[in-house]
Amino acid sequence: MQAFGRIKRIVTASADAIILYFDGTNLDDANNACHHMLAAIDSKKGSNSWAWLRECVPSYDSLLIVFDMTLIDSHGVYRALSNLSTEDIYQQSDSSQAKGNESSAVIDIPVWYGAPNASDLSVVSKKTSLSIEEVIELHTSTTYKVYAVGFSPGFAYMGDIPEALKCARLGTPRKRVPKGAVAIADRQTAVYPSESPGGWNLLGLTAFDMLIHKKEQSEARLKAGDEVRFVSVTEQEYRAGLQVER
Amino acid sequence: MRIEVLSKGLFSLIIDNGRVGRQRDGFCESGPMDSNAYDWANFLAFNLDGTPCIEAIGEMRLRVDEDCIIAVTGRNPSLDIDGNAKTTYQSQKVPAGATITFGSTSLGCKAYLAVGGNWQVPKAVGSACTVVREQLGGLDNKGSVLKEGDCIEVLANTRNQDSAKMRTLPQQHIDDYGFLESIRVIPGYQFSSFSTVAMRTFETSSYTVSSAIDRMGFRLTGEPVTADIENMRSEAIHLGAIQVPGDGQPIVMMRDRQTLGGYPKLGCVSPCDISRLAQAMPGEKVNFVFQHEEEARADWLLMTSRRRRLQGEIL
């Protein structure tokens with residue numbers, strides 16, 4: 001299948017799924033192209049001619065499209081995508097950007113750096129040859145973008161962290177990382193939405209809940225494209241935050 | 001009606017069709033491991049498609065406090081009601097107070113119990129499916145597996161009970177489990193980054209189902225297959241994707257797989273063969289054969305229409 005627009009490659013994933021890979025001058029650009037396409041597809045959801053659409057799963061620079069094989073084949077999916085005019089895609093991106101601008105100033109995530117059960121600060125300090133203060137300073141000095149949400153519910157992959165803070169994963173993953181642990185690995189940073197195993201370097205804890213809990217429809221609090229900043233808080237402020245989040 | 005768990009078996013879950021459309025928030029797809037058996041169980045118990053069911057590994061015992069209609073399916077399933085062996089893949093009337101014992105006679109395989117009626121179980125993110133890792137679904141909606149003493153509320157479908165013509169799936173139409181026939185694989189994802197030699201190796205070797213098999217993925221062992229990729233960005237993992245980490249031992253990603261992952265994938269197990277693979281036992285040997293996506297779709301359409309025709313005949 002011939003690629004078009006910002007799509008670099010279209011590849012079969014299974015009998016009922018194709019995956020699109022996007023191009024850009026850098027990752028940020030490709031990630032934006034992916035989300036413009038996703039928004040354009042989402043706007044068609046519910047229309048009869050798109051009844052075959054089962055699910056779209058975006059990531060850094062790719063978008064998986066799952067379809068109902070009884071209603072369409074991959075060629076039909078390709079036609080539907082290529083018929084999305086550039087206008088569709090741009091309009092969507094404009095309106096989603098406008099929407100984004102209203103609601104989102106940068107989202108602040110308060111972090112108690114060095115919380116005893118979630119701190120690899122000394123390890124990170126050794127790996128990066130930075131002092132602990134410098135590590136915290138660098139981590140809080142950058143505004144991050146949410147590139148993708150996945151792996152587990154609400155887990156947001158954010159980047160890029162400053163080059164100086166780049167840090168390999170732990171040699172042996174932890175069996176238990178506490179809920180709310182703020183972590184870094186390579187050029188990425190994230191918050192563990194719930195207790196789980198994990199191999200990232202931990203910097204501290206946040207009371208910020210990564211899931212919005214609703215009766216039947218919990219959802220991820222951060223969405224791909226959101227902008228995030230980490231703010232250093234004291235243990236007291238962290239504990240007060242836990243009360244509020246509950 | 002209350003269904004009380006007397007003996008929980010090895011690993012028993014409340015499941016349904018799973019969560020559709022929420023993988024972008026990180027919620028796994030979930031759903032029945034053997035969707036063919038699950039669909040038949042509901043059909044035979046006079047339920048609508050997608051009604052919750054119990055997926056059980058090991059032998060499970062339950063008691064019902066009202067008359068009801070049930071059906072048990074799966075790989076080599078067994079069923080007895082108050083000590084009397086009953087036919088599986090068939091609607092069975094169960095009197096109030098009776099004890100139902102069911103399971104698969106093959107260790108580690110899944111059996112499905114459908115109970116006709118409206119299941120009063122909590123839903124999370126659009127589904128009642130239990131995902132232990134995500135603390136979702138189950139009776140407490142915290143992802144707990146079923147345990148002794150648990151009670152499931154089902155509003156029994158009384159309308160059918162006297163007049164209903166019991167349904168049977170004839171023996172010759174029950175799925176063939178086991179691996180005399182190869183598992184079909186659609187080449188996809190990073191397929192072109194695997195060498196021709198690697199692909200030949202994959203298609204001509206037998207792989208052994210390891211004991212590391214769960215709802216997330218099935219690890220296989222055998223001739224290593226590696227891709228010529230150093231680093232790739234995490235991307236969405238579809239059902240049946242065959243992931244090959246650095247050691248070259250394939251992992252088939254199943255219903256509760258994580259939504260994103262960064263290992264190279266050589267394609268996906270055909271949707272027609274996922275249920276069969278999901279019922280594999282540790283130690284069984286599996287062969288793979290590549291199949292073009294269009295052929296796989298044709299097979300799937302045939303399989304679906306055959307099932308619809310059969311259901312029409314049974315009705």
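Chain letters run A, B, ... following the sequence lines, proteins first and then strands; every chain starts at 1.
- Among the candidates B:Leu136, B:Ile237, B:Ile186, the residue making the largest number of heavy-atom pairs closer than 4.5 Å to chain A is B:Ile186.
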Throw together a table of side-chain donor-acceptor distances under 3.5 angstrom for residues 56-69 of chain A, partners on residues two or more places apart or in other chains.
| residue | atom | partner | partner atom | Å |
| --- | --- | --- | --- | --- |
| A:Ser59 | OG | B:Ser234 | O | 2.6 |
| A:Tyr60 | OH | A:Gln188 | OE1 | 2.1 |
| A:Asp61 | OD2 | B:Arg233 | NH1 | 3.1 |
| A:Asp68 | OD1 | A:Thr70 | N | 2.9 |
| A:Asp68 | OD1 | A:Thr70 | OG1 | 2.6 |
| A:Asp68 | OD2 | A:Thr70 | OG1 | 3.4 |

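- More than 12 non-hydrogen atoms from other residues, nucleotides or ligands lie less than 6.0 angstrom from CG of A:Asn26.
- With a 4.5 angstrom heavy-atom cutoff, A:Leu222 does not touch chain B via any of its atoms.
- Top candidate by heavy-atom pairs under 4.5 Å with chain B, chosen from A:Ala148, A:Ser194, A:Pro153, A:Pro193, is A:Pro153.
- Atom CZ of A:Arg221 has more than 12 neighbouring heavy atoms from other residues, nucleotides or ligands inside a 6.0 Å radius.
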Inset, instruction - Would you please test A:Ser74 and B:Glu293 for side-chain hydrogen bond (donor to acceptor under 3.5 Å, both in side chains) and show each step? - result: CA-CA 9 Å; A:Ser74 60; B:Glu293 44 135 344; 3.1 Å; yes
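- Between B:Thr259 and A:Gly150, the shortest heavy-atom distance links the atoms OG1-CA, 3.2 Å.
- The candidate with the highest count of non-hydrogen atom pairs below 4.5 Å against chain A, out of B:Gln258, B:Arg19, B:Arg297, B:Gln135, is B:Arg297.
- Heavy-atom distances place the side chain of A:Asp42, and not its backbone, under 4.5 Å from chain B.
- When atom types are taken as modelled, the side chain of B:Asp25 and the backbone of A:Gly154 share no donor-acceptor pair closer than 3.5 angstrom.
- Put simply, the side chain of A:Glu55 gets close to the backbone of B:Gln23: a donor and an acceptor are under 3.5 Å apart.
- Between atom NE2 of residue B:His292 and atom OG1 of residue A:Thr12 there is a gap of 6.5 Å, rounded to the nearest 0.5 Å.
- For chain A, the nearby part of B:Arg133 is the side chain; its heavy atoms alone come within less than 4.5 Å.
- Within a 6.0 Å sphere centred on CZ of A:Arg79, heavy atoms belonging to other residues, nucleotides or ligands number 12 at most.
- Interface residue B:Val269: only backbone heavy atoms are found under 4.5 Å from chain A.
- Other residues, nucleotides and ligands contribute more than 12 heavy atoms inside 6.0 Å of the CD atom of B:Glu313.
- When the shell of 6.0 Å around OH of A:Tyr78 is examined, it contains more than 12 heavy atoms from other residues, nucleotides or ligands.
- A 6.0 Å sphere centred on CG of B:Leu48 holds no more than 12 heavy atoms belonging to other residues, nucleotides or ligands.
- Put simply, the side chain of A:Ser218 reaches to within 4.5 Å of the side chain of B:Phe27, judged on heavy atoms.
- A:Arg54 CZ: 12 or fewer foreign heavy atoms inside a 6.0 Å radius.
- Counting only heavy atoms from C-beta outward, the side chains of B:Glu235 and A:Tyr21 approach each other to under 4.5 Å.
- Contact between A:Ala13 and B:Cys268 at its shortest, heavy atoms only, is O-SG, 3.3 Å.
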Inset, instruction - Go through B:Leu260 and A:Tyr157 one step at a time and tell me if the side chain to side chain contact (heavy atoms under 4.5 Å, CB included) criterion holds. - result: CA-CA 11 Å; B:Leu260 304 180; A:Tyr157 291 88; 3.9 Å; yes
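- Within the 4.5 angstrom heavy-atom criterion, no atom of B:Glu295 approaches chain A.
- The heavy-atom pair separating A:Ile19 from B:Tyr189 by the smallest distance is CD1-CE2, 3.8 Å.
- Heavy-atom distances place the side chain of A:Val11, and not its backbone, under 4.5 Å from chain B.
- Only the backbone of B:Pro187 comes within less than 4.5 Å of a heavy atom in chain A; its side chain stays farther off.
- Proximity of B:Trp300 to A:Asp16: side-chain heavy atoms (C-beta onward) are nowhere separated by under 4.5 Å.
- Using a 4.5 Å heavy-atom threshold, the side chains of A:Asp73 and B:Glu294 count as separate.
- Dense packing is recorded around NZ of A:Lys223, with more than 12 heavy atoms of other residues, nucleotides or ligands lying under 6.0 Å away.
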